[in-house]
Asks: 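Once you've had a glance at the structure underneath, I'll fire off some questions.
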Amino acid sequence: MEQVIDWQYYSSHFPQIVPESQFEAVEAQAEIEYNKVVKPYMEISDDKKQNAVFEICNFLWSNR
């Protein structure tokens, strides 16, 4: 499965809090959460999907 966002996309936006060494695992979990919470209930554009996964990454890392 292709990632919704990659390290380059994530690290180019502010605020970034997930360390690069942990990014792939956190991003994968963020996609799972996105698919459970957002995807079934609304359709959003690809850029908004990327932003949502970005925010979920930060949330997951902050609340680990």
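Sequential numbering from 1 along the given sequence is applied to the chain's residues.
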Asks: Closest heavy-atom contact between Pro40 and Asn35?
Replies: CD-O, 3.1 Å
Asks: For Val26 and Gln29, what are the C-alpha separation, side-chain angles and deciding distance, and is it a side-chain contact (heavy atoms from CB on, under 4.5 Å)?
Replies: CA-CA 5 Å; Val26 174; Gln29 184 63 41; 5.8 Å; no
Asks: Please identify each residue that fulfils salt bridge (Lys or Arg N to Asp or Glu O under 4.0 Å) with Glu33, with sequence neighbours left out.
Replies: Lys36
Asks: Out of Val53, Asp6, Ile32, Val18, which one pairs with Glu27 under the side-chain contact (heavy atoms from CB on, under 4.5 Å) rule?
Replies: Val53
Asks: Could you grab the distance from atom CD1 of Ile5 to atom CD of Gln50, nearest 0.5 Å is fine?
Replies: 7.5 Å
Asks: Can you tell me how the ring of Phe54 sits relative to the ring of Tyr10, calling it parallel under 30°, perpendicular over 60° and tilted otherwise?
Replies: tilted
Asks: Check Asp47 against Tyr9 and note the closest heavy-atom contact, atom names and distance.
Replies: O-OH, 4.5 Å
Asks: Are the side chains of Ile17 and Cys57 in contact, using a 4.5 Å heavy-atom criterion?
Replies: no
Asks: Under a 3.5 Å distance rule, please check whether Ser62 uses its side chain to pair with a backbone N or O of Phe59 as donor and acceptor.
Replies: no
Asks: I'd like to check Pro19 versus Trp61 (side-chain heavy atoms, cut-off strictly below 4.5 Å). Are they in contact?
Replies: yes
Asks: Can you tell me how far the CG atom of Asn51 sits from the CG atom of Asp46, to the nearest 0.5 Å?
Replies: 11.0 Å
